[in-house]
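Everything below concerns the one structure shown next.
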Amino acid sequence: MNLDWKSLGVLPREPRVLTVNEVESLYELYKKLSSSIVQDGHIQKEEFQYALFRNTSKQNLFFDRVFDMFDVNRDGHIEFEEFVDSLSVFHPKTPNAVKIKSAFKLYDLRHTGYIEREELKDMVLALLKESDLALSDDVVEQIVNKTFNEADSKSDGKIDQEEWENYVEKNPSLLKNMTLPYLMDITLSFPSFVMRTEADESEL
């Protein structure tokens, strides 16, 4: 297989973090995912969910937000360009500034340009559920209150982009879920899949 960015229909992010070989491997992965349940050339939500959780019935707000992040044009499925563009956010080499901005969008459930307290709480609960951690309501409230009070430096009852950036810079562990280490070698590994291509490793 000898593909390039243009033939794959991908306009890579700047700064570029994926090699041509990695994009080719993602293309092979995309083809597998997009035909795992419905063979229509697109990754449907249930196919994306099955790839992450190995089932199509588990309900989780965090998953819904990640799917929305991938489904950029909001047409209910993920196209290849969306797949590559969104996955690149989770690449270990992607600058933290990009990850911080994307994480903000994940928490901004109502798309208002701010993170409100209830949105923060909903995401904390979703992340705890995803991690199979069971905490009492009192402990959850303490976490939410502490986080929100520290992040809302302007004390106006909402967290804007600037406040979020400042807070995450002081608490980088918040970006843990925004990095997928195996993307460093996507040509060899991906959850439940092994991808190998014959392309040269050099970047364009």
Side-chain angles (χ1 to χ4, degrees), residues 13 17 43-78 82-83 85-183 191:
R13 287 179 180 270
V17 296
I43 298 177
Q44 302 297 329
K45 190 171 185 177
E46 58 267 29
E47 291 173 323
F48 194 56
Q49 184 170 358
Y50 185 77
L52 294 181
F53 302 127
R54 307 311 294 171
N55 71 66
T56 58
S57 60
K58 184 176 181 179
Q59 299 299 313
N60 185 282
L61 176 62
F62 181 69
F63 165 74
D64 289 339
R65 297 301 296 138
V66 172
F67 182 82
D68 288 344
M69 175 181 171
F70 275 70
D71 182 20
V72 178
N73 60 13
R74 301 290 186 268
D75 58 4
H77 59 251
I78 302 171
E82 293 174 320
F83 185 65
D85 195 46
S86 297
L87 266 185
S88 70
V89 172
F90 295 87
H91 197 285
K93 290 184 178 180
T94 297
N96 277 350
V98 175
K99 296 178 183 293
I100 291 173
K101 183 177 180 180
S102 296
F104 181 85
K105 292 180 179 179
L106 286 178
Y107 281 78
D108 180 16
L109 303 180
R110 300 180 181 86
H111 309 289
T112 60
Y114 299 96
I115 300 174
E116 299 176 354
R117 187 185 181 284
E118 285 305 309
E119 292 175 315
L120 177 63
K121 181 178 180 179
D122 288 344
M123 283 299 293
V124 168
L125 290 172
L127 289 169
L128 289 173
K129 181 179 180 181
E130 178 59 27
S131 303
D132 293 323
L133 294 176
L135 299 180
S136 68
D137 292 342
D138 288 342
V139 172
V140 171
E141 285 296 328
Q142 289 175 16
I143 293 173
V144 172
N145 288 335
K146 182 177 185 298
T147 301
F148 195 84
N149 291 336
E150 290 181 3
D152 182 21
S153 59
K154 298 175 183 177
S155 300
D156 57 1
K158 56 189 177 183
I159 302 170
D160 61 25
Q161 181 80 48
E162 180 183 6
E163 290 173 317
W164 176 255
E165 292 174 359
N166 292 334
Y167 182 72
V168 175
E169 286 176 359
K170 297 176 183 177
N171 300 273
S173 62
L174 287 170
L175 294 181
K176 182 179 180 180
N177 288 326
M178 299 302 296
T179 297
L180 302 176
Y182 46 77
L183 286 179

Quick one, Asn177 and Phe90 - any side-chain contact, counting heavy atoms below 4.5 Å? no
Compare every heavy atom of Asp156 with every heavy atom of Asp152, then report the nearest pair and how far apart it is. OD1-OD1, 2.9 Å
Less than 4.5 Å apart, any side-chain heavy atom of Gln49 and any of Gln44? no
Using side chain to side chain contact (heavy atoms under 4.5 Å, CB included), reason through Asp160 and Trp164 one step at a time and then give a plain yes or no. CA-CA 6 Å; Asp160 61 25; Trp164 176 255; over 6 Å; no
Does Asp137 CG have over 12 foreign heavy atoms under 6.0 Å away? no
Would you compute the distance between atom CD1 of Ile43 and atom CZ of Phe67 and round it to the nearest 0.5 angstrom? 9.0 Å
If you compare all heavy atoms of Leu106 against all heavy atoms of Met123, which two are closest, and at what distance to 0.1 Å? O-SD, 4.0 Å
Non-hydrogen side-chain atoms of Phe104 and Val168 separated by less than 4.5 Å: no
Nearest heavy-atom contact between Leu120 and Val144 is CD2-O, 3.9 Å
Chi angles and distances behind the salt bridge (Lys or Arg N to Asp or Glu O under 4.0 Å) call for Lys158, Glu163: CA-CA 9 Å; Lys158 56 189 177 183; Glu163 290 173 317; over 6 Å; no
Smallest separation among heavy atoms of Ser86 and Met69, with atom names: OG-O, 3.4 Å
If you count the non-hydrogen atoms of other residues, nucleotides and ligands that lie under 6.0 Å from OH in Tyr167, is the total more than 12? yes
Quick check for you: to the nearest 0.5 Å, what is the distance between Glu141 atom CD and Ser136 atom OG? 10.0 Å
When every non-hydrogen atom of Glu116 is compared with those of Phe148, the smallest separation belongs to C-CE1, 3.7 Å
Do the non-hydrogen side-chain atoms of Lys101 and Gln161 ever get within less than 4.5 Å of each other? yes
To the nearest 0.5 Å, what is the distance between CG (Leu175) and OG1 (Thr94)? 11.5 Å
Roughly how far, to the nearest 0.5 Å, is CD of Gln142 from CG of Leu135? 10.0 Å
Scan side-chain atoms only and decide if Lys99 and Thr179 contain a donor-acceptor pair under the 3.5 Å cut-off. yes
What residue among Asp64, Asp68, Asp71 forms salt bridge (charged side-chain N to carboxylate O under 4.0 Å, His left out) with Lys45? Asp64
Quick one: are Leu61 and Leu127 in side-chain contact, heavy atoms under 4.5 Å? no
Steps toward side chain to side chain contact (heavy atoms under 4.5 Å, CB included) verdict (Lys105, Asp108): CA-CA 5 Å; Lys105 292 180 179 179; Asp108 180 16; 5.6 Å; no
Look at Glu150 together with Lys170 and state whether they make a salt bridge at an N to O cut-off of under 4.0 Å. no
Quick one: sort the Phe70 and Phe48 rings into parallel, tilted or perpendicular, breaks at 30° and 60°. tilted
Answer yes or no: is there a side-chain heavy-atom contact under 4.5 Å between Thr147 and Leu174? no
Hey, could you give me the CE/CD1 distance between Met178 and Ile100, rounded to the nearest 0.5 Å? 10.0 Å
Within the 4.5 Å heavy-atom criterion, are Glu118 and Arg110 side-chain neighbours or not? yes
If you measure from OG1 on Thr112 to CD on Glu119, what distance do you get to the nearest 0.5 Å? 5.0 Å
For Ile115 versus Tyr107, what's the shortest heavy-atom pair and its separation? CD1-CB, 3.5 Å
